[in-house]
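Comments concern the structure below.
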Amino acid sequence: MGSHRRTAPSSGSERSTALALGLLSAAATALGAVPAAAAPQEDTRAEVDRLYREAEKATEAYNAADERADALRREIADAQDGIARKQQRVNTMRETLGSLAGSQYRSGGLDPALSLLLSEDPEDYLRKASVLDRLGVHQTAELRKLRGTLRSLSQDRAEAAKRFGALERSRKAAATHKRAVEHKLAEARRLLASLPAGERAAWDRASRSGRTDLLGPGGAPASGRAAAAVAAARSALGKPYVWGANGPSGFDCSGLTQWAYAQAGVALPRTSQAQRHAGRQVPLSEARPGDLVLYRSDASHVGMYMGDGQVIHAPYPGAPVRYDPVGMMPVSSVTRV
């Protein structure tokens with residue numbers, strides 16, 4: 001009959017170790033589950049950020065195309081006015097030349113020598129002939145003017161046709177960018193709506209976070225026009241973000257800064273990329289109220305520095321014009337208008 005060894009009872013220490021290992025294992029399992037559950041929401045927030053960045057770039061491209069279209073419309077209107085004036089001059093010249101030609105025809109029916117022989121008053125005839133000769137010289141000069149004006153008119157019409165073509169291309173480009181913006185914004189709204197309320201609030205807080213200690217109070221605005229632009233920007237607080245809008249009831253980022261400076265009598269370009277070059281570049285550490293703060297390497301976002309580490313800007317759809325920390329996103333440059 002075989003014998004069996006009895007298993008020795010576990011010591012207290014071993015039981016404690018086993019329990020601790022079990023708890024650590026459970027904790028590791030739980031900790032491992034948290035990223036798995038949180039990852040989709042983190043991915044969603046990151047995707048919303050990406051879509052808003054891309055929508056902002058497309059918005060600025062739309063603004064640029066729309067601004068170009070406006071400039072072309074003005075050029076075309078000016079060209080059409082010029083063409084109309086030149087056409088009127090052509091019509092007047094033709095009428096003048098027609099009168100001169102009729103006068104010569106009526107006076108020149110006979111050979112000049114024969115007319116002189118038959119004339120009852122040769123001296124009177126010579127006086128008339130001298131006038132007719134001067135009319136001929138005048139008519140030649142008028143013909144030269146007419147030919148020059150017709151050439152200029154033809155060139156103006158060709159230039160106007162080119163501008164019409166450029167206008168049509170600009171319209172198509174604007175329409176393409178508009179569709180891109182609308183698509184990205186719709187997708188961003190859909191993704192935000194899929195997040196729990198707490199996650200949406202956390203995303204909004206994150207979008208407003210950033211360092212305010214990057215520079216000091218900033219002192220007074222650098223000029224009277226900067227002070228007027230600061231006052232205008234403050235008056236826009238709470239107005240909605242409306243992509244492609246430059247006030248007064250709604251704004252996108254560059255529309256807000258353009259409108260604020262327009263109230264100060266300063267015409268800024270429409271896009272943030274162009275506004276970057278609308279004045280003198282200054283270091284961020286020397287920023288003063290009214291300076292334009294450009295964000296991201298491509299300057300696709302802009303706000304106005306207000307002092308105390310804060311900017312006023314139009315953030316994104318669904319968020320009104322508001323104060324945020326100057327360091328809410330990477331600063332690429334600061335422009336003093």
Side-chain angles (χ1 to χ4, degrees), residues 41-67 173-210 232-260 262 268-275 292-304 306 310-332:
Q41 292 177 353
E42 290 171 2
D43 290 346
T44 298
R45 292 198 300 268
E47 181 67 3
V48 169
D49 287 337
R50 184 187 69 80
L51 286 166
Y52 274 138
R53 284 196 303 273
E54 291 185 358
E56 197 153 44
K57 290 178 185 178
T59 298
E60 290 301 285
Y62 168 85
N63 289 338
D66 196 47
E67 185 177 44
T176 298
H177 292 306
K178 181 178 180 180
R179 287 193 295 272
V181 173
E182 289 172 340
H183 172 75
K184 292 177 189 300
L185 292 181
E187 181 64 10
R189 284 193 293 268
R190 185 189 67 78
L191 288 172
L192 273 177
S194 72
L195 290 171
E199 288 294 322
R200 287 199 299 274
W203 177 84
D204 186 62
R205 284 194 300 274
S207 73
R208 305 190 67 173
S209 66
R234 286 198 180 107
S235 74
L237 286 167
K239 297 288 180 68
Y241 179 103
V242 179
W243 77 265
N246 58 351
S249 57
F251 303 90
D252 61 20
C253 69
S254 57
L256 172 63
T257 48
Q258 184 190 46
W259 176 84
L268 288 186
R270 179 64 183 89
T271 67
S272 56
Q273 290 91 344
Q275 289 178 11
L292 304 179
V293 182
L294 285 304
Y295 292 95
R296 308 190 189 106
S297 60
D298 60 357
S300 58
H301 190 79
V302 62
M304 184 180 293
M306 306 302 285
Q310 299 283 320
V311 295
I312 283 179
H313 70 136
Y316 52 81
V321 174
R322 68 191 187 191
Y323 284 99
D324 273 329
V326 68
M328 62 186 169
M329 61 182 83
V331 174
S332 60

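Residues Leu185 and Glu182 fail the side-chain proximity criterion, which asks for heavy atoms closer than 4.5 Å. The side-chain heavy atoms of Tyr295 and Val326, taken from C-beta on, include a pair separated by under 4.5 Å.
Scored by the side-chain hydrogen bond (donor to acceptor under 3.5 Å, both in side chains) test, Lys184 finds Glu54 as partners (sequence neighbours excluded). Checked against side-chain hydrogen bond (donor to acceptor under 3.5 Å, both in side chains), Glu47 has the following partners two or more places apart in sequence or in another chain: Arg50. Residues that satisfy the side chain to side chain contact (heavy atoms under 4.5 Å, CB included) test with Ala65, not counting sequence neighbours, are Ser170, Ala173, Ala174. Every residue two or more places apart in sequence or in another chain that forms a side-chain hydrogen bond (donor to acceptor under 3.5 Å, both in side chains) with Ser300 is listed here: Arg296, Asp298.
Nearest heavy-atom pair across Ala233 and Ala260 is N-CB, 4.1 Å. The two residues Ala314 and Val321 have their closest heavy-atom pair at CB-CG2, 4.1 Å. Minimum heavy-atom separation, Pro248 to Trp259: CB-NE1, 3.9 Å.
Atoms CG and CG, from Leu256 and Leu237 in turn, are 8.5 Å apart once rounded to the nearest 0.5 Å. Atom NE2 of His313 and atom CG of Asp324 lie 3.5 Å apart (nearest 0.5 Å). His301 contributes atom NE2, which lies 10.0 Å from atom CG of Leu294 (distance to the nearest 0.5 angstrom). Rounded to the nearest 0.5 Å, atoms CG (Asp66) and OG1 (Thr271) are 12.0 Å apart. For the atom pair Met328 CE and Gln310 CD, the distance stands at 9.5 Å (nearest 0.5 Å).
Residue pairs meeting the side-chain hydrogen bond (donor to acceptor under 3.5 Å, both in side chains) criterion with at least one partner in residues 242-255, sequence neighbours excluded, are Glu60-Ser254, Asn63-Asp252, Asn246-Gln258, Asp252-Arg270, Ser254-Arg270. The side-chain hydrogen bond (donor to acceptor under 3.5 Å, both in side chains) contacts involving residues 186-198 comprise Glu187-Arg190, where partners must be two or more places apart or lie in separate chains.
No side-chain donor-acceptor contact under 3.5 Å links Tyr316 and Arg53.
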What verdict does the side-chain hydrogen bond (donor to acceptor under 3.5 Å, both in side chains) test give for Tyr62 and Arg179, after you've listed the backbone C-alpha separation in whole Å, the side-chain angles of each residue and the deciding distance to 0.1 Å? CA-CA 10 Å; Tyr62 168 85; Arg179 287 193 295 272; over 6 Å; no
